[in-house]
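Here the structure is laid out as structure tokens; the discussion comes afterwards.
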Amino acid sequence: MKYLASCLLGTALAISAITPAMAAGKTVTVVLSEEPDVIDPCEATRSNVGRIVKQNIVETLIEVDPKDGSIKPRLATAWKQTDKLTWQFTLREGVKFHDGSDFNAATAVIAINRNLNPTQDCEIRLKFFGNIKVSPKAIGDYTLEVKTDTTQPILPALMSVMVMSGPKMQPTKGSRQPVGTGPYEFVSWNPGQDVVLKRFDGYWGAKPEAEGARYIWRSESAVRAAMIKANEADIAPNIALQDATDKALDFSYFNSETSRLRIDMSQPPLDDIRVRKAMNYAIDLDALRGSIFSEGVMPMTQIVVPSINGHNPSLKPWPYDPAKARALLAEAKADGVKVDTEILMRGRLNMYPNATEAMEAMHAMLSDVGFNVKLKMVEVASWVESYTRPFAEDRGPVLQQGQHDNNSGDAVFSVYFKYACEGPQSTTCDKQVDDGIAAASAATGDERRKLWQEVMRRLHEDIVPDVQMFHMVGFSRINARLDFTPSISMNSELQIAQVKFK
Amino acid sequence: MHKYLTKRALHSFLSLAGLLVLVFFLARLTGDPGNLYLPIDATLEARQEFTEKHGLNDPIYVQFGRYVVDLAHGDLGESIRKQRPAIDVVLEAIPVTLSLAAVAMIIALLSSIVIGSLAAYRPGGVFDRVASIASLAGASAPDFWVAISAILLFSVTLGWLPTSGMGGPLTWIMPIAILIIRPFGLLVQVVRGSMITVLSSAYVKTARAKGVRERAVIFIHALRNAMLPVITVAGDQAAGIANGAVIVETIFGWPGIGKLMIDSIIQRDFAVIQTSILVTAIVILSINIAVDIAYAILDPRIRHK
């Protein structure tokens, strides 16, 4: 027994003598939720790839300011539209890639063509340039001309996703050694372990404070949060609501996601606007906020968050008014609308924290005012199949849980996809909305903003294509040794150069 | 023995072939990987291109034929997600899980033999009761909860151990401890039960009557016979861990085969699903053959059949 006791004591002392690896020095350790599949710049719009490469290793010509969605220069210093289909960008001089190559118009053309290579499945092309044909051309050492097949008044905003990778990188996707012009250069990727970056001495801009960055990954939110507390990591970009328990370390921020239930307006009884309005009156958003959803979420009035160009600030959220909902339903019923038809609520498991509980609560609220709703939660693949075209002919009336992310600066990235007659995820069709989308997409400046705002008003007041829910918040935990506040852009990038030490 | 092993290996090969056919078709029943891989805003044309490019448009028997021909050439396909050969991805993950399984099983086996034997020596005694309660609690504890609680206690509160990650000796302590809990609890119960039966048998009484020392009676005479059911359960537990210590791998960030398999199923990365199941099946069949060999070593009746 004595022997056992001394063994245990000895082990405890030995353990306490060797302290675990700590976040220290001027290297920033970031703990992501999963290991990236590739670290290819052309996949920079995927969250966990973007948080490593975007504006750290590879930079874009233009950058979106997360505060107000405006655009500002990065590798391009100026830009102008020379005709309806052509934009000209003046590029920054004296910029070098990490491998020593010069950045100029010719290398920018190579980078754009790499991102948009039609034989590769790069997300930049598939997500932002699926319907646009882009032809870049160097018309001077530092003058880049970009022609498109359709008018693209917001091409500069689109260029905020167009990363400039090194001209010597393999032309096909799947690179495991990204090269760019950013303030940090790639050092290593140990599969399953970590990705390491170090400060690039030849960077054209101001020298950042952090000497390097190390990215690790843990799937469990509780573990990511614990790593910051235990001083093993510096930044955990997304942790779950239930783990954000330390006010000193946890930051909540609008993460550019907007959650809603998409109403399939082509299917009766959902084709009747009174039924759709009744659904919105039936949902008690205040009861959901601070219980199932975080206290910080904001009731939505439209598909884009306030910092996006085109957001209409004059719209008001639907009030909770079950009596009005019942009255609208009764009125529709009296006019022969079959309001008793069973309506399917299709949710996606783990779409966001407490996604199932949110659907259950809304199911109860809709049932309470008299809707005949049935809830079905499905996994992601099955959800995607019913969320995008082609839709099944015999689908019946469906409310589909959805969450949309737009931190790209302009409403065009949302409205066409969600509400145009031909939109890939649209179950609504209104000529006035389609005309509005066409006009706003072709306009610039104030006129563009106003046109988008009118589209938003029409959708909110006259069409009602959604059961409106919330603009969501994300939680990040930041080590107390850092001076860094996360922003809306954290969903797709994490600029290490902006991290300061206390 | 040699003949027996050859026969066993042949059976294993047939099981493996059957498994591969089953996995190939079952994986494809889950649907089109393009729906998960491509961004939600991708156009219909882009989705069709993707399906075409990865040969997912072909009739399933054509895809299967292509898979068999590639397999015969040693080509297990490429991961759609990682853009690398699936075998490379799997061979990076399997050693992680195997080393976890090996260390966990060695510790669980040795400690449960000692504790189970001592508990069986005086059934109903204080040591027996403590060991039984502890092992039953271990066998029933939800490892997810134990793991998170252990991180909060030993890493966040006490600061003794790293929360997670794979590296120096300290990083092994919590994952191994969590992995051991269940097999240890089960094995202590099996060793104890088996030892109680053996210790009351005639040959043990004869050994005692001959004046053999008590320690030798327990650990040499009785233990060898008591080990047969223990080996069966231990083999089963080892196969379970080799099949993926998913919870431990997920929580502690160990990039093993269990997590890889689950991720590839969720993402419909067919080549990785097939390859990881193939490699894991080979490991499990090898464990089963090793268990058979252990039987033969322990029990001369099996050896001489």
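- Minimum interatomic distance between B:Val156 and A:Ala226 (heavy atoms only, all atoms of both residues): CG2-CB, 3.6 Å.
- By the 6.0 Å contact criterion, CG on A:Asp246 is enclosed, its count of non-hydrogen atoms from other residues, nucleotides or ligands being greater than 12.
- Heavy-atom distances place the backbone of B:Phe252, and not its side chain, under 4.5 Å from chain A.
- When heavy atoms are compared at a cutoff of 4.5 Å, A:Thr45 does not approach chain B at all.
- The backbone N or O of A:Pro191 sits nowhere less than 3.5 Å from a side-chain atom of B:Glu92 that would complete a donor-acceptor pair.
- Among B:Gln83, B:Lys82, B:Arg84, the one residue that satisfies the side chain to side chain contact (heavy atoms under 4.5 Å, CB included) test with A:Asp37 is B:Lys82.
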Is there a side-chain contact (heavy atoms from CB on, under 4.5 Å) between B:Arg47 and A:Thr388? Walk through the geometry before answering. CA-CA 11 Å; B:Arg47 289 181 193 280; A:Thr388 54; 4.2 Å; yes
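- Contact annotation: the side chain of A:Glu35 never approaches that of B:Asp263 to less than 4.5 Å [non-hydrogen atoms, C-beta and beyond].
- Minimum interatomic distance between B:Tyr37 and A:Arg46 (heavy atoms only, all atoms of both residues): O-NH2, 2.9 Å.
- Ion pairing between B:Arg268 and A:Glu385 holds under the 4.0 Å rule for side-chain N and carboxylate O.
- Of all heavy-atom pairs between B:Leu161 and A:Glu232, the closest is O-OE2, 4.3 Å.
- Not one N or O on the side chain of B:Lys53 forms a donor-acceptor pair closer than 3.5 Å with the backbone of A:Gln120.
- Only the side chain of A:Glu43 comes within less than 4.5 Å of a heavy atom of chain B; its backbone N, CA, C and O stay farther away.
- Only the side chain of A:Tyr387 has a heavy atom closer than 4.5 Å to any heavy atom of chain B.
- Interface summary for chain A: among B:Gly168, B:Ser155, B:Ser164, B:Ala46, the most heavy-atom pairs under 4.5 angstrom belong to B:Ser164.
- Nearest heavy atoms, A:Pro118 versus B:Glu49: O-OE1, 3.9 Å.
- With a 4.5 Å cut-off on non-hydrogen atoms, B:Ile251 touches chain A through its backbone and its side chain both.
- Separating the OG1 atom in B:Thr163 from the NZ atom in A:Lys229 is a distance of 13.5 Å, to the nearest 0.5 Å.
- For A:Ala222, the part lying under 4.5 angstrom from a heavy atom of chain B is the side chain only.
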